[in-house]
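Report on one structure; see the data block that follows.
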Amino acid sequence: MTAGTTPARFERPSALAFLGYALGAVILVWALDGAGWSAEKIARSGPRMADFLSRAWPPATDSLARLGWKMVETLQIAIAGAALGVVLSVPVALLATRGLLVPHWVTMVTRMVLGFIRAVPDLAWALVFVVAVGLGPFAGMLAILMDTLGFCARFFADDMEAVDQGPSEALTATGARRIDIAACAVIPAAMPGFISTSLFGLEKAVRSSTILGLVGAGGIGIELKVGFDLFDYPTALTVILMIAVVVIAVEQLGALLRSRIIGTDR
Amino acid sequence: MMDTALETQVAAHAATPPADLTVRGLTKSFGQAEPVFRDLSFDIARGACVALVGANGTGKSTLLRCCLGLSPFEGGRVELLGHDTATLSRRARRTLRSQTGLVAQKHNLVPRLTVLSNVLHGLLGRGSGPRYWTHMLAPAEARDAAMAALDKVGLPHLALRRADGLSGGQSQRVAIARALVCKPRFLVADEPTASLDPAAGEEVMEMFFDLVRAEGVTVIFTSHNVDHALRYGERVLGLAQGRLDIDAATAGLSSRDLAGLYG
């Protein structure tokens, strides 16, 4: 057996790769410039942040009960919107899955609509629904529903496209209809992905629902806005800490459920 | 008055059972210049058991998929149970497929469902809709048929176990039960024991061929095990370089004859 030459640790990039790196660097500088990057402002922000924290500390505890109920409403918005969004995502995902139920053009149109739904930010959906159904948590729930639909339907469809085709083929060979194949072979095989995506959808919904109040769509966000508007920083800090605790708790719960329900499948 | 040649021909025709599968001039290429196979022609008589052998990449699985209408082909004609598979409407194709079954190398069970639901899905060609999606909603006669099929493969006690909790041999037995539950007339088995250890493979082959012979099902199966081909097949089709190199009754063949296909 002959020993070959030990390869170099790093390969010299090709001219094209070098141009790609250079272009990436130029785009980053351009973006930072457009975003108003200022080292000087960062340097000056320390004392200001310290001033804010000194005025906000200790967090206000006198309105904990009211803020607690607002947080409960926030969770209700998130859970209702995410649950309805996940349920609606299943039939929409069936339309968005290539080669499963519907002709290719229907799949393309469905994917374009889902792309549009995802492209509109949750705060923009909340503003639209505040106009449509009025101020309050219902508008927030509808915004979360749309946000979840755009996210989950797309990933459900991707999960269904990625399943092993063997069981589907075995059922096709027995004369099963497409809808039966989807229900009996494709959806069960994609279920670990569905559960995982749904839990991410719920986590995303809880994060989003905490700020929908900024535009009058219910939840604890309005308390944050009022706290800053009235320079009531202790209350604002309490709201920020409550949001952090709830979001982290929901993420931990999501991770636990994912591992308990779907194990190592995904 | 009929002449002698014609009389002989008519007598021969009367003695030959009608073909369940007729393949004429079949060509499949996957869009490449060189076809996987070209101009294949053969018949499989009703109730026959035919082994399809050949080295890897000779197109055995593709040929089986073409026979079931699961894969399109560029040239030729496939007549399955008296129907030209290329000209059938979607509904007619489903009706035809409700009389066929497929047992694959990877078993192809749905892992997260129970064994009973998996077997029940073999009846989807006969009954469609949510009542056939899970054993919990299934009509009593469908549940009974699925349990009877499980009984035949010796696994009724595992009916409520999840399919991903089965051993390889058990999993393939369930796949066989699913293929047999609709009482098919034509069955395709694509390397049914390739993923099993030799002992489990022998056991599954014995059981599979006992069942299909008892029920008079027409079978075409592939195997890399030359002994299996000679022992379980009544006839052997040997694929090499895209053509049928062997089409002969197993009675006149030895393993040495088939070894050339893998050379």
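All values reported here derive from a predicted model rather than from experimental measurement. Every chain is numbered from 1, with letters handed out A, B, ... down the list of sequences.
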What heavy-atom pair brings [X] and [Y] nearest, and what distance separates the two atoms?
| X | Y | answer |
| --- | --- | --- |
| A/Gly175 | B/Arg94 | O-CD, 3.3 Å |
| B/Gly129 | A/Asp180 | N-OD1, 3.0 Å |
| A/Pro188 | B/Val110 | CB-CG1, 3.5 Å |
| B/Tyr132 | A/Cys184 | O-SG, 4.4 Å |

Picking from B/Leu102, B/Leu124, B/Asn118, what satisfies side chain to side chain contact (heavy atoms under 4.5 Å, CB included) with A/Leu171?
B/Leu124

Checking heavy atoms, do the side chain of [X], its backbone, both or neither come under 4.5 Å from chain A?
| X | value |
| --- | --- |
| B/Arg65 | side chain |
| B/Leu109 | backbone |
| B/Arg93 | neither |

Please identify, among B/Ser117, B/Ala104, B/Ser128, B/Ser98, the residue contributing the most non-hydrogen atom pairs under 4.5 Å to chain A.
B/Ser128

Region of A/Gln165 in contact with chain B, defined by heavy-atom distances below 4.5 Å
neither

Take a 6.0 Å sphere around CE of A/Met112 and say whether it holds more than 12 heavy atoms from other residues, nucleotides or ligands.
no

Does A/Arg177 have more than 12 heavy atoms from other residues, nucleotides or ligands lying within 6.0 Å of its CZ?
no

Euclidean distance, A/Arg178 CZ relative to B/Arg90 CZ, rounded to 0.5 Å:
4.0 Å

